[in-house]
Undergrad: 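Starting off with a structure, shown below.
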Amino acid sequence: MKYEKIQAPKGVREYLPPESTAFEWVREQLIAPARLAGYQLMELPVFEDTNLFSRGVGESTDVVSKEMYTFEDRGGRSITLRPEGTAGVMRAVIEQNLDRGQLPVKVWYSGQYFRAERPQAGRYRQFYQVGIEAIGLDDPAIDAEVIAIAYQGFKKIGLKNFTLQITSLGDAPSRAAHRADLMKFYKTLNLDEATAARAEVNPLRLFDDKRPEMIAAMANAPLLLDYLSLDASDNFKKVQSYLSAMNIEYTINPRMVRGLDYYTGTTFEFVHSDLGAQSGIGGGGRYDGLMEILGGQPLSGIGFGLGVDRALLAAIAEGVLPSDSFTSDLFIIPLGESAMTSALTIASELRNAAITTEIAFGDRALKGAMKAADKSGARYVVVLGEAELQAGSVELKRMEDGAVTSVKIEQLSRELGSLLSAQRN
RNA sequence: GUGGGCGUAGCUCAGCUGGUAGAGCACUCGGUUGUGGUCCGAGAUGUCGCGGGUUCGAGCCCCGUCGUUCACCCCA
C-alpha cells in the first residue's frame with residue numbers, strides 16, 4: 001500500500017536551505033533599524049476574533065470582504081487568520097493597557113500573514129512581514145522617524161532601485177470635503193459597472209486603476225492634497241522637512257491609494273522597480289481613529305509593514321545578497337566507535353566557544369567523509385582515529401590550500417579560535 | 001474571482017507527424033592500506049502531476065482536476 005503524497009496548501013511560500021539563509025538575513029536587516037531606535041518586540045497570535053479585522057481594517061476593503069481566512073472554532077467563535085499586523089497590535093495594546101504608560105508605545109513585530117488571493121509573483125497566501133507601530137502621540141517627527149526606519153531597513157539590505165512615495169490623507173474634514181467633490185467628478189465619467197461599484201464604496205480607488213483610459217480620465221480629478229486643512233497641510237510640510245533633513249529621498253504621490261481603511265494623515269509606500277506587478281515592498285501610515293474604533297482611547301498612531309518575501313525578491317533582482325553563505329568552521333571525521341564519542345565531546349566544547357562544528361556521521365569511508373566535509377564548505381577538517389586519540393593530538397587541515405598543522409586536542413578550541421579570527425580580519 | 005503559459009529522474013530540461021522514456025548536473029560506490037576539490041569507471045532513481053476519454057497503441061490528442069507561473073484585480 002502506497003500512501004498519496006500530501007501537498008502544501010496553494011500559494012504558500014516556503015524557505016528551505018540554502019535559500020532560508022538569505023531569507024533570514026533579509027528579515028534581520030529589516031528589523032535591525034527598529035531595534036536600534038528603541039522599538040521592542042511584540043509576539044501576537046496569528047488568529048484573532050474576526051471582528052477585529054472587519055471593524056478595524058474596514059468592511060469595504062478587499063482584504064476584509066474577500067481575502068480573509070475565516071472559520072469557526074470549536075466553541076463556535078468566528079476566527080480569522082490575520083491579514084495584516086496593525087489591528088492585532090492595537091488590540092493587544094488596548095487589552096493589556098500599554099497605552100496607560102509612557103507614550104508613544106513603540107513596538108516591532110515579525111511573522112506571517114494570510115490573504116486568500118490568487119498567487120502571483122511576489123504574492124502569496126501566506127506571506128511574511130516585519131513592522132513597527134508608534135502609538136499614542138501625533139507628532140510629525142514620529143512620522144518622519146517611522147518612515148526613516150523602514151527606509152534604513154531597505155538600505156541595509158543594499159537595495160537601490162526603490163522609491164519612497166508619500167502623501168497625506170489629511171484629517172477628517174479634509175477627507176470629507178475632497179470625497180464629496182471626487183464623487184461629483186466620477187459621476188461625470190462613463191464608468192463600467194464594476195468600477196462604479198468600487199467608486200461608490202471608496203472613490204479613492206479610482207486613482208489606483210491601471211487601465212490607460214482610466215488613468216487619462218482621472219488626470220483632472222480633484223486631489224486630496226489640495227483639500228488639506230491648514231493643520232493637516234502644516235503637519236505634512238513638517239514631515240517633509242524632517243525627511244529632507246535626514247537625507248531621505250521621496251516623491252509626493254497625491255494619487256497614492258492604500259488598501260486599508262484606517263489610514264489618515266501621513267501615508268507612504270515603498271515601490272521597487274524590478275519586481276513586476278507586485279512592486280510594493282512596504283508601506284504604512286498614520287491611523288487616527290483606529291484605536292477608538294477598537295474600543296480604546298482616542299489616540300493616534302503610525303506604523304508600517306514591510307514585505308520580507310518581496311524584499312528578498314528585490315535583493316535577488318539587484319544581486320545584493322551577501323555571498324558568504326553559511327559555512328562551518330570545523331568538520332570532524334571520527335573513525336570508529338570511541339572516536340565518535342570523543343568527536344561528540346570535542347564538538348560540544350568547540351560550539352561552546354562559538355566555533356561552528358560539524359561531525360561526519362554514518363560510518364562512511366574516509367574518502368566519502370572528506371567529500372562531505374568539502375561540500376559543507378568547512379574551513380578546517382580534522383580526522384579523529386585511534387592514532388590521534390593515543391597521541392592526544394590531531395592534524396588540523398585547512399581545506400582552502402590543504403595546509404596541515406599538528407594541534408593538541410585540548411588546544412583545539414584556542415588554536416582554531418585564533419586562526420579563525422585572524423582569517424576574518 | 002477572471003484570463004494566458006507550464007507540469008517528464010533530486011535539479012535544469014530534451015522527447016521529431018501518437019508506437020510503453022533520455023541528457024547534463026547532483027547523488028552513491030570504486031580507481032588497493034587513514035585525507036576533499038580535477039580526472040576515469042560503475043550504479044541507483046521516474047505510477048511522464050492526478051482522473052477520465054479517443055485509439056490496436058498516449059509523455060505526446062481531447063475533457064476534467066490539482067499545482068505552478070504571469071497578468072487583471074488587490075496589496076506586502
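In what follows, every chain begins at residue 1, and chains take the letters A, B, ... in the order their sequences are listed.
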Undergrad: When Watson-Crick pairs (N1 to N3 and N6-O4 or O6-N4) and G-U wobble pairs (N1-O2 and O6-N3) count only below 3.5 Å on both distances, what is the dot-bracket string of RNA chain B, with | for other-strand pairs?
TA: (((((((..((((........)))).(((((.......))))).....(((((.......))))))))))))....
Undergrad: How would you summarise protein contacts on nucleotides 30-42 of chain B per nucleotide, using B for base, S for sugar-phosphate only and - for none, with heavy-atom distances below 4.0 Å?
TA: -B--BBBB-----
Undergrad: List the protein contact pattern of nucleotides 68-76 of chain B with one symbol per nucleotide (5' to 3'): B for base contact, S for sugar-phosphate-only contact, - for none; contact means a heavy-atom distance under 4.0 Å.
TA: S-SBBBBBB
Undergrad: Expressed in whole Å, how much space separates the P atoms belonging to rC25(B) and rC40(B)?
TA: 10 Å
Undergrad: Which pairs with one or both residues in residues 246-256 of chain A pass salt bridge (Lys or Arg N to Asp or Glu O under 4.0 Å), sequence neighbours excluded?
TA: none
Undergrad: Side chains of Tyr186(A) and Glu200(A) only: does a donor on one sit below 3.5 Å from an acceptor on the other?
TA: yes
Undergrad: rG15(B) and rC73(B): how far apart are their C1' atoms, nearest whole angstrom?
TA: 39 Å
Undergrad: For rG37(B) versus rC61(B), give the span between their P atoms, rounded off to a whole number of Å.
TA: 45 Å
Undergrad: For the residue pair Phe127(A) and Tyr113(A), categorise the inter-ring angle as parallel (less than 30°), tilted (30 to 60°) or perpendicular (more than 60°).
TA: tilted
Undergrad: Can Glu72(A) and Ser78(A) be counted as having a side-chain donor-acceptor contact under 3.5 angstrom?
TA: no
Undergrad: Roughly how far apart, to the nearest Å, are rA9(B) and rA23(B) at atom P?
TA: 14 Å
Undergrad: Rounded to the nearest 0.5 Å, what's the gap from CZ on Phe162(A) to NZ on Lys160(A)? Could you check?
TA: 10.0 Å
Undergrad: How far does the C1' atom of rG19(B) sit from the matching atom of rG57(B), given to the nearest Å?
TA: 6 Å
Undergrad: Within this structure, what is the CG-OG distance for the pair Asp171(A) and Ser300(A), rounded to the nearest 0.5 Å?
TA: 11.5 Å
Undergrad: Pick the P atom in rC50(B) and in rG24(B), then give their distance to the nearest Å.
TA: 25 Å
Undergrad: Can you list everything that forms a side-chain contact (heavy atoms from CB on, under 4.5 Å) with Glu349(A)? Sequence neighbours excluded, please.
TA: Thr345(A)
Undergrad: Sequence neighbours left out, cut at 3.5 Å: what donor-acceptor pairs do the side chains of residues 23-46 of chain A make with other protein atoms?
TA:
from: Gln29(A); atom 1: OE1; to: Lys156(A); atom 2: NZ; distance (Å): 3.1
from: Gln29(A); atom 1: NE2; to: Trp25(A); atom 2: O; distance (Å): 3.1
from: Tyr39(A); atom 1: OH; to: Glu145(A); atom 2: OE1; distance (Å): 3.4

Undergrad: Are the ring centres of Phe331(A) and Tyr380(A) closer than 6.0 Å?
TA: no
Undergrad: Thinking salt bridges, do Arg205(A) and Asp208(A) make one under a 4.0 Å N-O criterion?
TA: no
Undergrad: Should Arg175(A) and Tyr227(A) be marked as a side chain to side chain contact (heavy atoms under 4.5 Å, CB included) after you check the CA-CA gap, both sets of side-chain angles, and the distance that decides it?
TA: CA-CA 7 Å; Arg175(A) 281 192 301 281; Tyr227(A) 289 73; over 6 Å; no
Undergrad: Please state the C1' separation for the pair rC70(B) and rU45(B) - nearest whole angstrom.
TA: 33 Å
Undergrad: Between rU69(B) and rG31(B), how far apart are the C1' atoms? Round to whole Å, please.
TA: 46 Å
